Protein chains: 2
Amino acid sequence: MKFGQATIKDIARELNISSSTVSRALKDYPGISDETKAKVKELAKKLNYRPNAVALSLRKSKSLTIGVIIPEVVHFFFSTVISGIEEVAYAHNYNVILLQTNESEEREKAAIDTMMRNQIDGLLVSFSKDTTDFSHFKDLMDYNYPIVFFDRLPALADTVNVVVNDFSGAYQATTHLIEQGYRNIMHLAGPENLTISKERKKGYIKALEEAGLPIREKWIIPCPLGTSEESQRLTEPILAAEERPDAVFASNDVAAAGAMMAAKKLGLKLPKEFGAVGFSNWQFSSMIEPPLSSVSQPGFEMGEKAAQLLLQMIDSQSSEAFQAKTEVLDTGLIVRKSSLKNS
Amino acid sequence: MKFGQATIKDIARELNISSSTVSRALKDYPGISDETKAKVKELAKKLNYRPNAVALSLRKSKSLTIGVIIPEVVHFFFSTVISGIEEVAYAHNYNVILLQTNESEEREKAAIDTMMRNQIDGLLVSFSKDTTDFSHFKDLMDYNYPIVFFDRLPALADTVNVVVNDFSGAYQATTHLIEQGYRNIMHLAGPENLTISKERKKGYIKALEEAGLPIREKWIIPCPLGTSEESQRLTEPILAAEERPDAVFASNDVAAAGAMMAAKKLGLKLPKEFGAVGFSNWQFSSMIEPPLSSVSQPGFEMGEKAAQLLLQMIDSQSSEAFQAKTEVLDTGLIVRKSSLKNS
DNA sequence: TTGTAAGCGTTATCAT
DNA sequence: ATGATAACGCTTACAA
């Protein structure tokens with residue numbers, strides 16, 4: 001009874017009635033006299049009574065809290081997703097508990113342990129880059145524990161997922177570069193074991209193939225870190241070579257920006273001599289010079305959708321809600337100056 | 001007992017001993033035979049026993065959870081702070097529950113209500129822009145409830161706070177512009193009722209005064225929204241005027257970027273004809289053209305410090321920990337091309 | 001060395 | 001229309 005918080009018992013004692021009556025009066029149960037209801041409610045208000053959610057959780061084995069496991073918070077896309085999750089949770093009177101894994105599998109397992117100890121009702125998961133063993137998720141799913149994966153898909157059967165259409169986003173972006181007249185398009189790829197990276201790479205390749213352009217493996221560069229320094233460093237030698245690309249499709253905006261910096265450093269004119277399209281439409285993309293074209297990901301919607309699916313699983317417990325499904329959200333191509341060859 | 005989670009009772013039953021013995025054995029209490037301890041621990045492991053944190057919270061009136069109330073997650077600075085909070089909390093086995101207020105005072109009050117219902121052990125608060133009534137915080141403080149305010153300071157006595165040195169950051173930034181040879185420096189200010197905005201404005205004015213430069217009220221423009229569109233729109237007429245500023249010190253990087261866009265649109269050469277320094281050193285600042293000089297705020301450290309102070313209040317409950325104090329973290333000036341007049 | 005019982009705050013069940 | 005009691009899972013005096 002921290003901070004003088006009043007309990008049902010306090011109210012009961014003061015009014016000389018039983019706690020069950022108080023409990024029922026507070027929730028307008030039938031069979032309680034209007035008089036008692038009024039008295040109880042009045043006193044509750046006066047004492048600033050707040051139901052103890054912890055006691056409720058224990059009693060009902062339900063915490064009205066959902067857990068979010070995410071690689072890092074300081075990431076435009078992820079923070080946008082969190083925001084979407086927050087909104088839906090708030091609207092349904094659920095709380096959000098946040099565990100950041102810093103892309104570490106160990107922290108991920110610890111996070112799950114914490115969530116279980118705290119009787120969290122369900123989990124929204126974007127697992128870390130180098131998670132290869134998914135048994136900690138599998139175990140939960142075997143108990144019918146509600147989990148929705150977002151952005152990153154695990155190598156597990158029968159999961160409920162929300163992703164964006166990475167393939168088509170990448171395909172669109174690359175096709176756009178081709179239509180603009182770029183012919184030698186390199187690709188800065190994401191971490192190799194993530195589905196999103198693979199899909200974006202596939203979309204890139206598909207676009208080249210369809211246009212009858214050659215696929216050059218040496219121009220497909222994985223950027224495991226995803227920092228602009230890394231991509232600048234990796235891109236520079238490629239642009240300095242005899243035969244060089246005239247554009248880049250990057251798996252994320254930061255990498256694209258790094259490539260642009262490399263191109264500038266080598267004195268190339270942007271976007272005429274080197275075009276670029278990124279992925280995720282980060283906040284900064286419109287502010288760099290030239291403004292970066294980018295594939296926009298509906299992060300907020302992803303958070304909303306994932307939270308909605310999870311709450312369905314939690315509330316209904318129907319097998320329908322638990323059925324494997326992958327919700328695919330559409331990307332959009334935001335065309336800015338960086339990819340307009342003849343501007 | 002969701003998901004087949006084993007409880008102490010299950011272990012007790014299986015071993016034909018009492019739950020108290022199990023409880024004690026699990027925590028190596030003295031006076032339990034090594035044999036029993038071994039048996040209990042073995043079975044606990046086998047059953048994958050996890051202590052029920054909810055039951056513990058109820059028993060101990062302590063949830064090992066701290067709450068973070070923040071205007072918005074999708075914000076480079078705030079998300080960095082959260083990251084720092086997360087790290088410290090994790091290291092001390094505390095959980096973090098996150099409530100976003102979207103800069104609404106009503107949501108802020110609802111957030112506090114939620115936190116109280118859930119027996120959250122303490123609060124880290126950055127209140128919303130238009131909160132003017134702080135009684136909801138005051139009420140808690142009167143009960144000796146642990147709260148640490150960060151970034152934004154409430155108009156309340158005896159609070160524990162963590163802020164950055166906004167005044168000196170702004171002073172440094174403006175002085176730097178002056179030293180570079182800029183003479184007519186405008187200021188894009190933040191929301192007027194926030195202390196941080198006031199402090200930054202003061203630092204700006206102090207620098208001008210010290211340099212013997214005039215303060216021109218018409219060149220001090222509040223940007224309540226803080227978007228680049230807003231600042232671009234507000235800056236354009238000022239730069240188009242007969243007598244125009246030759247530099248800007250902005251209360252945040254986004255506003256600075258907007259001003260730079262306005263200057264470019266009017267054909268001014270950057271940084272020669274128009275210099276700029278922002279605040280917060282957002283991720284994008286190094287990537288725009290010219291790269292933006294900025295006052296860096298130690299967001300991660302702020303989160304760490306705030307969490308540490310809070311945990312001290314929670315753990316010690318000593319009046320020392322609750323004593324009013326304001327931890328001031330130093331800013332740094334990151335000089336990039338946007339403020340180098342003669343580069 | 002171990003067991004019993006009460007209690008944290010709430011509600012469901014069964015009485016009255 | 002209201003009360004008594006048990007239970008959620010765990011800890012902790014107090015007993016034995």
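Sequence lines set the chain letters: A, B, ... in the order given, protein chains first and strands last, and positions in each chain run from 1. Note that the coordinates shown come from a computational prediction; the quantities given were computed from them, not determined experimentally. The basis for the numbers below is simple: all heavy atoms, side chains too, and nothing from hydrogens, waters or symmetry mates.
Summarising the geometry, the separation between CG on B:Leu15 and C1' on C:dG3 is reported as 15 Å, rounded to the nearest angstrom. Computed from coordinates, the B:Asp10 CG to D:dG9 P distance equals 8 Å when rounded to whole Å. Taking atom NZ of residue A:Lys62 and atom C1' of nucleotide C:dT10, one finds them 16 Å apart after rounding to whole Å. Note: CG (B:Leu58) to P (C:dA6) measures 17 Å, nearest angstrom.
Taking A:Asp130 as the reference, nothing meets the salt bridge (Lys or Arg N to Asp or Glu O under 4.0 Å) condition, with sequence neighbours excluded. Residues forming a salt bridge (Lys or Arg N to Asp or Glu O under 4.0 Å) with A:Asp139 (at least two apart in sequence, or on another chain): none.
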>> Within the 4.0 Å limit for protein heavy atoms, which parts of nucleotides 11-16 of chain D are touched? Write it as a string from 5' to 3', B for base, S for sugar-phosphate only, - for none.
In response: BBB---
Compile the donor-acceptor pairs under 3.5 Å between side chains in residues 301-316 of chain A and protein atoms, sequence neighbours left out, one pair per line.
unit_1	atom_1	unit_2	atom_2	d
A:Ser316	OG	A:Gln312	O	2.9
A:Ser316	OG	A:Ser318	N	3.0
A:Ser316	OG	A:Ser318	OG	3.0

Anything under 3.5 Å between a donor and an acceptor, one on a side chain of residues 320-328 of chain A, the other on a protein residue two or more places apart or in another chain? List them.
unit_1	atom_1	unit_2	atom_2	d
A:Lys325	NZ	A:Ala321	O	3.3
A:Lys325	NZ	A:Gln323	O	3.4
A:Thr326	OG1	A:Asn161	ND2	2.9

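A donor atom on one side chain and an acceptor atom on the other are found under 3.5 Å apart for B:Asp133 and B:Ser135.
When the side-chain nitrogen and oxygen atoms of B:Lys9 are compared with OP1 and OP2 of D:dA7, none of them lie within a distance under 4.0 Å.
Nucleic acid contact for A:Asp34: none, since no nucleic acid atom lies under 4.0 Å from a heavy atom of the residue. Across all strands shown, B:Thr36 has heavy atoms under 4.0 Å from sugar-phosphate atoms exclusively, and none from any base. Within the nucleic acid shown, A:Ser33 comes within 4.0 Å of sugar-phosphate atoms alone, with no base atom in reach, counting heavy atoms only.
Counting only residues at least two apart or in different chains, salt bridge (charged side-chain N to carboxylate O under 4.0 Å, His left out) contacts with residues 111-120 of chain A comprise A:Asp113-A:Arg117, A:Asp113-B:Arg50. Screening residues 69-88 of chain B for salt bridge (charged side-chain N to carboxylate O under 4.0 Å, His left out) gives A:Arg107-B:Glu87 as the qualifying pairs, with residues at least two apart or on separate chains. Within the structure, the ring pair (Phe, Tyr, Trp, His ring centres under 6.0 Å) test picks out the following pairs touching residues 79-132 of chain A (sequence neighbours left out): A:Phe127-A:Phe134.
Recorded end-axis angle for the helix from C:dT1-D:dA16 to C:dT16-D:dA1 stands at 50°, based on five pairs per end and rounded to 10 degrees.
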